[in-house]
Amino acid sequence: MIGRHRRAVGIVLALHSAAAVAGLAPPWLLGTIVDRVTAGAAVATVDRLALAIAGCVLVSAVLSRYAQYAGHRFGERAVAELREEFVSRTLGLPVSVVERAGSGDLATRSSVDVATVGTTVRDVVPTIVIAGVQLTLLFGAVFLLHPLLGLAALAGLPSIVTVTRWYLRRASSAYLTEGAAAAELTETLTTTAEGARTVEALRLTDDRIRHGTGRITQVWRARRATLALRTVFFSIVEASYPLPVALVLLVGGYLFSRDMVTLGAVVAAALYLQQAIEPLDRLLQWTEQAQRGFASYARVLGVGMVPAEPPGRTATSRGERLVVRGARFSYSGGTDVLHGIDLEVQPGERLAVVGPSGAGKSTLARLLAGIDAPRQGVVSIGGCPITDLDPAERRRRIALVTQEHHVFIGSVRDNLSFAAPDASDKQMRAALVTVGADWYDDLPAGLDTAIGDGARQLGAAEAQQLALARLVLADPHTLILDEATAALDPSTARRTERALAAVLAGRTVIAIAHRLNTAHDADRVAVLADGRITEIGSHDDLVAADGAYADLWRSWHTQADERPR
């Protein structure tokens, strides 16, 4: 990052170095005043030297001001690039990797960690470099006054160097642990807030509170560990500051009594050391902040170290027939969720996949969409394994819409253009009408109406219809609807499904259904249980077979009849 902005970094370092050199003059001039007054100099001489001190202070202040300005400009540009690269790397990751990472972890990396890295680049690195230059110049100036005074000035360094090495050996891992604990806490709070209704419905409130408390305890322990390191570090450092000043005064007094140095030289040496406390303090304090920055930088860079989604080895396939042969799949090396799935879906066919919760319906949808690859077996389209297709080509041909949806901050047009950047306003309005988004008529500015956080809030049903409108604009050949209308009430869902029927004509549709009216309208129904397809056929044939699907159909109809109208 610094290598890309060498000129800006060079300007910052040059300005700070010039300011440091200008800052060396006042103590030397003050020592000269002491010597001249001792020798009986006139008032005019003292006035000229005092004016020179004021001029040097002014020059140092102006240079420091412009150095900070240049440093902040460089830092903001670097942070902006870092954020853009982070988003680009994240968008390039396979969907499965992003899902495993969790929204809380990525949110922490993109906000807290990037901000910490920004502070490091903008403030910490320049401060450490400039403080190092200032200290070198200040201690060099003391040595020039007298070598023994220079040696005395180094009296506090052994304890500072020792405790700094002790601190640095432990700080990096401690801050990485703290960052990971903070990410887990964010993930817990995010998932609990997003699933609040489910938590209440399943009476999991106490369990989520205990889980959240456990995460808070982890953060508290991690921060106590880093605080303990800082407590030892800063206590020893602060205790080391007065030692060199006191020793320089003692040695200086002895040398002055032997006429080996002037009184002004002793005064200048003491002032140089007093002046060195400030950059030394900044250096050590920012060293602590640098550990946070480097730990955060490692977390940000960690996203880029994950292999991006492979481009695919085959660009095209022959036809649109979906075939699954002997597909087995497990999450993170666990037990298989799908056990030898065999399935064929003809182009233009509508297949409904039904079954109890946990049967593997959503997992099958992910395999059909190419998000995950089977552990064994193959999932192909037109004779080409789906995962061998180029990602852009795969997404153009196969669209997966789940019950999860997202409203991006911006206008309605912005939200719809994600699916079809070249779509006209007429096409966007038609897509909204197609999915039954009646609420669009009430928007004050039409497609330009701002929605999302801080603007007009869309309800769950409205947001789901917006997602379905994006699907209409994307115009894929194969649609996989994983309970895509689950957030809608039954009447709205039925109306939306009927509206979509015209759009779905001629397309391959695989619907993961929890409302069996969807299965009733499908060409075929596949019943999934315990990761296996136990029945497959038309609705009428399966009802007549009086098997698992018939039981599901009777149970669903009974519940539907008992619902209040």
Side-chain angles (χ1 to χ4, degrees), residues 12-13 15-28 30 56-57 60-61 63-65 67-69 71-72 75 116 118-143 145 149-172 174-175 223 226-249 252 267-296:
V12 172
L13 293 178
L15 289 172
H16 275 295
S17 298
V21 171
L24 291 175
W28 178 78
L30 186 58
C56 290
V57 171
S60 179
L63 290 172
S64 295
R65 163 70 178 79
Q68 291 174 358
Y69 173 75
H72 278 78
T116 302
T119 301
T120 303
V121 173
R122 185 180 58 246
D123 299 325
V124 178
V125 173
T127 297
I128 290 177
V129 173
I130 299 308
V133 172
Q134 289 176 326
L135 289 172
T136 300
L137 293 174
L138 288 169
F139 281 98
V142 176
F143 269 98
L145 291 173
L149 292 178
L151 291 174
L154 300 177
L157 290 184
S159 58
I160 293 176
V161 170
T162 300
V163 73
T164 301
R165 292 183 62 186
W166 173 87
Y167 172 77
L168 293 180
R169 283 197 300 268
R170 295 163 174 78
S172 180
Y175 283 116
R223 290 184 176 173
T226 56
L227 176 61
L229 293 176
R230 293 194 298 272
T231 300
V232 175
F233 177 61
F234 286 120
S235 297
I236 295 177
V237 166
E238 293 290 339
S240 302
Y241 286 160
L243 181 60
V245 177
L247 195 57
V248 161
L249 291 176
V267 172
L271 290 176
Y272 279 136
L273 288 179
Q274 192 64 35
Q275 190 175 330
I277 291 177
E278 193 270 335
L280 182 59
D281 203 38
R282 279 190 288 119
L283 176 65
L284 295 174
Q285 285 185 357
W286 286 113
T287 296
E288 184 270 332
Q289 179 64 32
Q291 294 303 303
R292 293 177 179 269
F294 294 147
S296 294

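Model, not experiment: these values are computed from the prediction. Just so it is clear, the values below take in all heavy atoms, side chains as well, and ignore hydrogens, waters and symmetry mates.
- Pairing each heavy atom of Ala270 with each of Leu249, the nearest pair is CB-CD2, 3.9 Å.
- Classified by interplanar angle (parallel below 30°, tilted 30° to 60°, perpendicular above 60°), the ring pair Tyr167/Phe233 is parallel.
- The two residues Ile236 and Ser159 come nearest to each other via the heavy atoms CG2-O, 4.1 Å.
- Within the model, atoms CG of Leu243 and CG of Leu157 stand 10.0 Å from one another, a figure rounded to the nearest 0.5 Å.
- Of the inter-residue distances, the one linking Arg223 atom CZ with Tyr175 atom OH reads 11.0 Å to the nearest 0.5 angstrom.
- The CD atom of Gln275 lies 8.0 Å from the CG atom of Leu271; values are rounded to the nearest 0.5 Å.
- Of all the heavy atoms in Ser240 and Ile160, the pair that sits closest is CB-CG1, 3.6 Å.
- For the atom pair Tyr241 OH and Leu280 CG, the distance stands at 4.0 Å (nearest 0.5 Å).
- The number of heavy atoms from other shown groups lying within 6.0 Å of CZ (Arg165) does not exceed 12.
- Minimum heavy-atom separation, Leu135 to Pro279: CD2-CG, 4.0 Å.
- In terms of modelled atom types and a separation under 3.5 Å, the side chain of Ser60 and the main chain of Cys56 share no donor-acceptor contact.
- Among all heavy-atom pairs drawn from Ala276 and Phe139, the shortest one is CB-CE1, 4.4 Å.
- Residue Tyr272 forms a side chain to side chain contact (heavy atoms under 4.5 Å, CB included) with just one option from Leu145, Val267, Leu137, and that option is Leu145.
- From Leu168, atom CG reaches atom CZ of Arg170 across 10.5 Å, with rounding to the nearest 0.5 Å.
- In terms of heavy-atom proximity, Leu273 sits nearest to Ala153 at CD2-CB, 3.4 Å.
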Check the pair Leu154 / Phe143 against side chain to side chain contact (heavy atoms under 4.5 Å, CB included), numbers first and verdict last. CA-CA 10 Å; Leu154 300 177; Phe143 269 98; 3.8 Å; yes
Test side chain to side chain contact (heavy atoms under 4.5 Å, CB included) applied to Tyr69 and Leu15, step by step: CA-CA 10 Å; Tyr69 173 75; Leu15 289 172; over 6 Å; no
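- In this structure, CD1 in Ile277 is found 11.0 Å from CG in Leu138, a value given to the nearest 0.5 Å.
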